[in-house]
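These numbers come from a predicted model, not from an experiment. Chain identifiers are assigned alphabetically (A, B, ...) following the order of the sequence lines, protein sequences preceding nucleic acid strands; residue numbering begins at 1 within each chain.
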2 protein chains.
Amino acid sequence: MRILLVEDEVDLAKALISALERHDILVDHVTTLEMALEAVESGVHSIAVLDRKLPDGDSLTIIPRIRKIQTGLPIIVLSALGAPEQRIEGLETGADDYLAKPFVVDELVARIRALMRRPAMIADMAVTVGQLTFNLGDGSAVAAGEPLTLTRREVLALEVLVKRAGRTVARSILEEAVYGFDDEIASNTLDAHISRLRRKIAPGRVEIHSIRGIGYLLKATA
Amino acid sequence: MRILLVEDEVDLAKALISALERHDILVDHVTTLEMALEAVESGVHSIAVLDRKLPDGDSLTIIPRIRKIQTGLPIIVLSALGAPEQRIEGLETGADDYLAKPFVVDELVARIRALMRRPAMIADMAVTVGQLTFNLGDGSAVAAGEPLTLTRREVLALEVLVKRAGRTVARSILEEAVYGFDDEIASNTLDAHISRLRRKIAPGRVEIHSIRGIGYLLKATA
DNA sequence: CTTTCCGTAATGTTGCGGCAATATGGCTGG
DNA sequence: CCAGCCATATTGCCGCAACATTACGGAAAG
């Protein structure tokens with residue numbers, strides 16, 4: 001599970017990040033609307049949390065643009081403007097939830113988890129490739145009838161590979177998906193994760209091919 | 001992925017090149033508008049990054065000419081002139097993005113990647129010649145119904161040939177496309193690649209003819 | 001304190017791609 | 001019309017960089 005946090009108040013952001021990570025939620029943090037749109041482009045997030053007042057404008061204005069890029073991406077808006085009319089305004093613009101400041105951090109966590117559970121959304125949607133079934137909702141996977149025990153980073157990598165099954169996924173895209181945007185990655189850590197993934201899904205009719213010089217490709221064996 | 005960088009400040013250019021190459025992006029670097037136009041002629045770049053102030057003029061002035069040569073080539077303009085009016089001026093001239101100096105190198109990388117991901121652009125656009133279909137988005141190719149397994153250099157060469165199908169492509173243009181501008185090439189390596197390409201697309205109704213003394217020509221067999 | 005995760009590095013393996021040796025075929029000058 | 005030359009064709013070889021795999025150890029979680 002990977003979410004995008006758009007918040008310019010550093011202290012609040014830090015508090016949220018540590019709280020969310022305690023709940024096994026990986027957070028990418030940016031501070032402006034512009035950066036937020038870029039991040040959404042990557043398509044790796046399951047939820048976006050937007051502070052309403054940001055240095056480059058009101059985040060409500062970019063909700064339609066986010067929707068264009070990622071239809072169905074759940075959006076939670078945080079705001080000091082908590083009057084009913086403003087909440088309504090936020091929800092009508094397309095936000096899925098609107099949280100007035102100040103709020104208890106745990107409440108945000110709860111609402112995120114609630115949106116993640118929402119059945120109509122991506123939750124409980126599963127993708128099957130060959131004998132591998134990957135559940136987008138909770139990140140669980142089943143290969144050849146056997147449930148797999150995957151670690152956090154393995155889930156992140158497999159999610160991207162499965163979503164783009166049959167198409168080559170650039171190495172850099174995978175790195176972005178498994179680590180944050182910021183975290184630089186030394187050595188061959190990604191290779192190691194792929195290797196472990198391969199071993200775990202071994203007895204299925206699905207393989208992770210490496211495309212030399214480009215990246216990886218997951219596809220069902222013919 | 002291959003981009004054109006037009007930048008006369010040597011230090012900045014060096015920094016950008018090393019950052020981009022770390023992201024598997026091949027960079028061709030020139031320092032003047034004149035060289036830029038020449039480079040665009042080659043048709044091998046997916047994105048152009050122009051510094052606005054160059055020794056031979058304002059790079060905005062050549063954007064229309066670039067558009068004439070390569071419709072749809074995404075263009076990013078870098079400039080010390082970051083006032084809103086100037087940004088707007090840049091965008092209205094036809095730039096796809098406008099980045100004010102000073103900027104963080106990683107931000108440029110992110111914007112390039114964002115443009116590359118833009119679905120309306122080159123991605124998923126395919127060209128078909130005879131029984132050969134080449135996907136500009138991911139460099140994949142299908143001949144006579146069978147997907148081809150191409151190596152990196154083969155993809156680069158075939159991409160140029162396909163884009164100019166029916167027209168002769170000069171040997172020097174192909175060399176530029178397969179290698180950087182700088183990398184000199186000894187021996188007949190290019191010929192070898194063409195030979196391997198021919199073998200791979202053999203059973204299709206498309207052929208690579210050699211034009212003696214000039215270069216190569218890809219066209220459907222009558 | 002134990003366990004799991006994951007980053008790192010050491011080592012093994014693969015296959016791309018540069019080079020050159022040799023073959024082929026077309027063009028030119030005699 | 002032939003000889004010789006030069007551009008291109010084809011193929012094998014092999015270095016090296018990219019990838020695979022595994023072991024190890026630190027760190028964080030329980």
Side-chain angles (χ1 to χ4, degrees), chain A residues 1-2 17-26 139 141 148-158 161 168-180 182-202 207-218, chain B residues 1 21-26 139 141 148-159 161 168-180 182-202 207-218:
Chain A
M1 181 56 48
R2 178 116 177 256
I17 290 170
S18 86
L20 291 168
E21 294 199 328
R22 230 174 297 123
H23 286 265
D24 272 336
I25 297 172
L26 191 59
L148 300 181
T149 308
L150 299 178
T151 69
R152 198 156 35 105
R153 314 220 102 123
E154 285 165 357
V155 168
L156 292 168
L158 187 57
L161 287 170
T168 303
V169 181
R171 198 183 187 75
S172 55
I173 299 283
L174 272 169
E175 283 173 0
E176 273 182 15
V178 176
Y179 309 94
D182 312 323
D183 293 325
E184 274 310 308
I185 183 63
S187 81
N188 61 347
T189 308
L190 180 63
D191 305 57
H193 284 299
I194 295 289
S195 178
R196 289 170 194 141
L197 260 180
R198 275 205 261 245
R199 165 177 298 198
K200 288 187 180 177
I201 64 180
E207 275 171 5
I208 300 175
H209 300 269
S210 80
I211 308 299
R212 187 166 265 250
I214 311 286
Y216 292 92
L217 163 66
L218 180 141
Chain B
M1 183 54 48
E21 295 199 326
R22 230 174 297 123
H23 286 264
D24 275 335
I25 297 172
L26 192 58
L148 300 182
T149 307
L150 300 178
T151 69
R152 207 154 21 119
R153 311 226 107 124
E154 285 166 357
V155 168
L156 291 169
L158 187 56
E159 179 175 343
L161 288 168
T168 302
V169 182
R171 174 175 277 275
S172 58
I173 298 285
L174 273 169
E175 283 173 0
E176 276 179 13
V178 176
Y179 310 94
D182 311 325
D183 293 324
E184 275 312 307
I185 183 63
S187 81
N188 63 345
T189 308
L190 179 63
D191 305 59
H193 284 298
I194 295 291
S195 176
R196 289 174 194 135
L197 260 181
R198 274 204 262 245
R199 165 178 297 197
K200 286 187 181 178
I201 65 181
E207 275 170 7
I208 300 175
H209 300 269
S210 78
I211 307 301
R212 199 180 175 79
I214 312 287
Y216 292 91
L217 163 66
L218 180 141

Original post:
Just wondering, do A/R212 and B/T151 contact through their side chains at under 4.5 Å, heavy atoms?
Top reply: no

Subject >> Polar side-chain atom of A/R2 near backbone of A/Y179 as donor-acceptor pair, under 3.5 Å >> reply: yes

Subject >> Length of the CD-C1' vector between B/E154 and C/dG18, whole Å >> reply: 13 Å

Original post:
Would you say C/dG18 has OP1 or OP2 under 4.0 Å from some side-chain N or O of B/H193?
Top reply: yes

**OP:** Hey, could you give me the NE2/CG distance between B/H193 and B/N188, rounded to the nearest 0.5 Å?
**Re:** 10.0 Å

Subject >> Value rounded to 0.5 Å, distance of CG in B/L174 from CG in B/L161 >> reply: 5.0 Å

Original post:
Think A/R198 has a side-chain N or O under 4.0 angstrom from the OP1 or OP2 of D/dT21?
Top reply: yes

Polar atom pairs between nucleotides 23-28 of chain C and protein, under 3.5 Å, N or O only, would you list them?
from: C/dG25; atom 1: N2; to: B/R212; atom 2: NH2; distance (Å): 3.2

Original post:
When we call it a touch if two heavy atoms are under 4.0 Å apart, what does A/T189 touch: a base, just sugar-phosphate, or nothing?
Top reply: base

Subject >> Approximate separation, where rounding is to 0.5 Å, of B/E159 CD and B/L150 CG >> reply: 11.5 Å

Between the protein and nucleotides 23-28 of chain D, which nitrogen or oxygen pairs come in under 3.5 angstrom?
from: D/dA23; atom 1: N6; to: A/R196; atom 2: NH2; distance (Å): 3.4

Subject >> Nearest to side-chain heavy atoms of B/D191, which nucleotide of C/dA10, D/dA9, C/dC6 >> reply: D/dA9

Subject >> Set of side chain to side chain donor-acceptor pair (under 3.5 Å) partners for A/S18, sequence neighbours left out >> reply: A/R22

**OP:** Figure out the CZ/C1' separation between B/R153 and D/dA17, and round it to whole Å.
**Re:** 12 Å

**OP:** Please check the phosphate of C/dC6 (OP1 and OP2 only) for any side-chain N or O of A/Y179 closer than 4.0 Å.
**Re:** no

Subject >> Separation of B/S195 OG from B/L190 CG (nearest 0.5 Å) >> reply: 11.0 Å

Original post:
Does A/S210 put a side-chain nitrogen or oxygen below 4.0 Å from OP1 or OP2 of D/dA18?
Top reply: no

Subject >> Partners meeting side chain to side chain donor-acceptor pair (under 3.5 Å) with A/T189 (sequence neighbours left out) >> reply: A/S187

Original post:
Between atom NE2 in B/H209 and atom C1' in D/dA7, what is the gap in whole Å?
Top reply: 18 Å

Original post:
Quick one: is B/S195 getting a side-chain N or O under 4.0 Å of the D/dA9 phosphate, OP1 or OP2?
Top reply: no

**OP:** Starting from P on D/dC19, measure out to CG on A/L174 and report it in whole angstrom.
**Re:** 12 Å

Original post:
B/I211 has an atom CD1; how far is it from atom P of D/dT8, in whole Å?
Top reply: 10 Å

Original post:
To the nearest Å, how far apart are A/L26 CG and C/dC5 C1'?
Top reply: 14 Å

Original post:
With sequence neighbours left out, what residues match B/R171 under salt bridge (Lys or Arg N to Asp or Glu O under 4.0 Å)?
Top reply: B/D191

Original post:
So what is the end-to-end bend of the helix from C/dC1-D/dG30 to C/dG30-D/dC1, with 5 pairs used at each end and the value given to 10 degrees?
Top reply: 30°

**OP:** Inspect the contact between A/E154 and A/R196 and indicate whether a charged nitrogen and a carboxylate oxygen are less than 4.0 angstrom apart.
**Re:** no

**OP:** Starting from C1' on D/dA9, measure out to CG on B/L190 and report it in whole angstrom.
**Re:** 12 Å

**OP:** Starting at atom CZ of B/R199, determine the distance to atom C1' of D/dT10, rounded to an integer number of angstrom.
**Re:** 8 Å

Subject >> B/L197 side, atom CG; B/Y216 side, atom OH - distance, nearest 0.5 Å >> reply: 10.5 Å

Original post:
Got A/L158 and A/L218 here, is their nearest side-chain heavy-atom distance under 4.5 Å?
Top reply: yes

**OP:** Determine: side-chain N/O of B/Y216 to OP1/OP2 of D/dA7, distance under 4.0 Å, yes or no.
**Re:** no

